[in-house]
**Student:** 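Just dropping this structure here.
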Amino acid sequence: MVFYFKARPDAGDYTIFMGLDKFENEELIKYGFPEDVWFHVDKMSSAHVYLRLHKGQGFDDINEGVLEDCAQLVKANSIQGNKVNNVDVVYTPWSNLKKTASMDVGQVGFHNSKMVRTIRVEKRVNDIINRLNKTKVERTPDLRAEREAVNAAERAERKQHLREKKKREEIERLEKERQAEMRSYKGLMVTDKMTSNKDIASSNKSLQELEDDFM
């Protein structure tokens, strides 16, 4: 089971989601999207909350309001963190999550600690939690199939871009050949290199002599 929420509408169309338990978290870790940003209460047990950004956005582009929504939600879904003030929430791109065979189910580390940000949550804001809970939807998605569908779409897009690139290159090649041919033709038509019928007549050479010259 995965729970989906809508971030504050004035910030844009952003989806926030989290797994029901550590086993769902494991699936979310495995089949995340490049646009996903992971949130967790620092040094405490909590839900794994994700924000799905729009394509082309980085995790430094997160709207402050949306960031607050995610931080409040992850705090509210921490048994210990929900009871205390001044909680630190860490967040990082999904691609920075590190999973090794020795880790417990749902446990993660980081590839690069410099890509981990921290936000301080002073206290729980019930207005934010209540607003998010009104948008809550429960689903049992096939995370693997969703990830494979995205991969297939991305491969198709790359192939289309490659076809378009090859087409542009072929058009450019043909245009270069046409321009080269035009320059060559203009060179042949230079007046100084041309001989008119009048020039031939004034040379007083016979047709046979002209043919001999040509040969």
**Student:** Please tabulate, one pair per line, all N/O donor-acceptor pairs under 3.5 Å involving side-chain atoms of residues 99-110, not counting sequence neighbours.
**Tutor:**
unit_1 : atom_1 : unit_2 : atom_2 : d
Lys99  : NZ     : Glu26  : OE1    : 3.0
Lys99  : NZ     : Glu26  : OE2    : 3.3
Lys99  : NZ     : Asp104 : O      : 2.7
Lys99  : NZ     : Gln107 : O      : 2.7
Thr100 : OG1    : Ser102 : OG     : 3.2
Gln107 : OE1    : Asp104 : N      : 3.0

**Student:** Minimum heavy-atom separation for Ser78 to Ser45, with atom names?
**Tutor:**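 The answer is OG-O, 2.7 Å.
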
**Student:** For residues Thr92 and Met115, determine if any side-chain heavy atom of one lies less than 4.5 Å from a side-chain heavy atom of the other.
**Tutor:** yes

**Student:** Once you round to the nearest 0.5 Å, how far does CD1 of Ile128 lie from CG of Asn133?
**Tutor:**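 Rounded to the nearest 0.5 Å, the CD1-CG separation comes out at 12.0 Å.
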
**Student:** Provide the closest heavy-atom pair for Leu51 versus Tyr14 in the form atom of the first, atom of the second, distance.
**Tutor:** CD1-CB, 3.9 Å

**Student:** When rounded to the nearest 0.5 angstrom, what is the spacing between CG in Leu20 and CE in Met1?
**Tutor:**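 Those atoms lie 6.5 Å apart.
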
**Student:** For a 4.5 angstrom cut-off between non-hydrogen side-chain atoms, does His48 reach Met18?
**Tutor:**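 Sidechains of Met18 and His48: no contact.
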
**Student:** Is there a side-chain contact between His54 and Asp61, using heavy atoms and a 4.5 Å cut-off?
**Tutor:** no

**Student:** Between Glu177 and Arg173, does any NZ, NE, NH1 or NH2 come within less than 4.0 Å of an OD or OE carboxylate oxygen?
**Tutor:**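 Here Arg173 pairs with Glu177 in a salt bridge, since their nearest N and O are under 4.0 Å apart.
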
**Student:** Should Gln179 and Lys176 be marked as a side chain to side chain contact (heavy atoms under 4.5 Å, CB included) after you check the CA-CA gap, both sets of side-chain angles, and the distance that decides it?
**Tutor:** CA-CA 5 Å; Gln179 292 292 341; Lys176 287 179 180 179; 5.7 Å; no

**Student:** Given the rule that I, L, V, M, F, W and Y join up when any side-chain heavy atoms are under 4.5 Å apart, are Val121 and Trp38 in one cluster?
**Tutor:**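 In one cluster with Val121: Trp38, no.
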
**Student:** Do Ile62 and Tyr91 touch side chain to side chain, with heavy atoms closer than 4.5 Å?
**Tutor:** yes

**Student:** Look at the side-chain heavy atoms of Ile, Leu, Val, Met, Phe, Trp and Tyr, link any pair under 4.5 Å apart, and say whether Leu67 and Phe5 land in one connected group.
**Tutor:**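 In one cluster: yes.
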
**Student:** Determine whether more than 12 heavy atoms belonging to other residues, nucleotides or ligands lie under 6.0 Å from atom CD of Glu64.
**Tutor:** no

**Student:** For a 4.5 angstrom cut-off between non-hydrogen side-chain atoms, does His40 reach Val89?
**Tutor:**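 They are not in contact (no side-chain heavy atoms under 4.5 Å apart), so the answer is no.
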
**Student:** Where the side chain of Arg117 meets the backbone of Lys114, is there a donor-acceptor pair that is under 3.5 Å apart?
**Tutor:** yes

**Student:** Hey, does Lys55 have a side-chain heavy atom less than 4.5 Å from the side chain of Glu35?
**Tutor:** yes

**Student:** Give the minimum heavy-atom separation between Ala7 and Ile16, together with the two atoms involved.
**Tutor:** CB-CD1, 3.9 Å

**Student:** Suppose the criterion is salt bridge (Lys or Arg N to Asp or Glu O under 4.0 Å): which pairs have a residue in residues 76-96, not counting sequence neighbours?
**Tutor:** Asp88-Arg120

**Student:** Side chains of Tyr50 and Trp94, heavy atoms from C-beta outward: is any pair under 4.5 Å?
**Tutor:** yes

**Student:** Output a table of donor-acceptor pairs, distance under 3.5 Å, between side-chain atoms of residues 69-77 and any protein atom two or more places apart or on a different chain; print 'none' if there are none.
**Tutor:**
unit_1 : atom_1 : unit_2 : atom_2 : d
Asp69  : OD1    : Arg8   : NE     : 3.2
Asp69  : OD1    : Arg8   : NH2    : 2.7
Asp69  : OD1    : Arg131 : NH2    : 2.8
Asp69  : OD2    : Arg8   : N      : 3.0
Asp69  : OD2    : Arg8   : NE     : 3.4
Asp69  : OD2    : Arg131 : NH1    : 3.3
Gln72  : OE1    : Val125 : N      : 2.8
Gln72  : NE2    : Lys123 : O      : 2.9
Lys75  : NZ     : Gly81  : O      : 2.9
Lys75  : NZ     : Val84  : O      : 3.0
Asn77  : ND2    : Leu73  : O      : 2.8

**Student:** Under 4.5 Å between side-chain heavy atoms, hopping through other hydrophobics if needed: is there a path connecting Val66 to Phe39?
**Tutor:** yes

**Student:** One thing to verify: whether Glu175 and Arg178 come together as a salt bridge, which I'm taking to mean a side-chain N less than 4.0 angstrom from a carboxylate O.
**Tutor:**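 Yes.
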
**Student:** Do Arg124 and Asn126 have side chains that approach each other closer than 4.5 Å (heavy atoms only, starting at C-beta)?
**Tutor:**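 Side chain of Arg124 against side chain of Asn126, heavy atoms only: contact under 4.5 Å found.
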
**Student:** Can you name the one residue among Leu143, Leu97, Val49, Asp36 that meets side chain to side chain contact (heavy atoms under 4.5 Å, CB included) with Leu28?
**Tutor:**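 The side chain to side chain contact (heavy atoms under 4.5 Å, CB included) with Leu28 is passed solely by Leu143 among Leu143, Leu97, Val49, Asp36.
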
**Student:** Decide whether Ile119 and Val41 are clustered together by the hydrophobic rule: side chain heavy atoms of Ile, Leu, Val, Met, Phe, Trp, Tyr closer than 4.5 Å, transitively.
**Tutor:** yes

**Student:** Does Lys136 qualify as a cation-pi partner of Phe3, given the criterion of NZ or CZ under 6.0 Å from the six-membered ring centre and within 45 degrees of its axis?
**Tutor:**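 Satisfied, under 6.0 Å and within 45°.
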
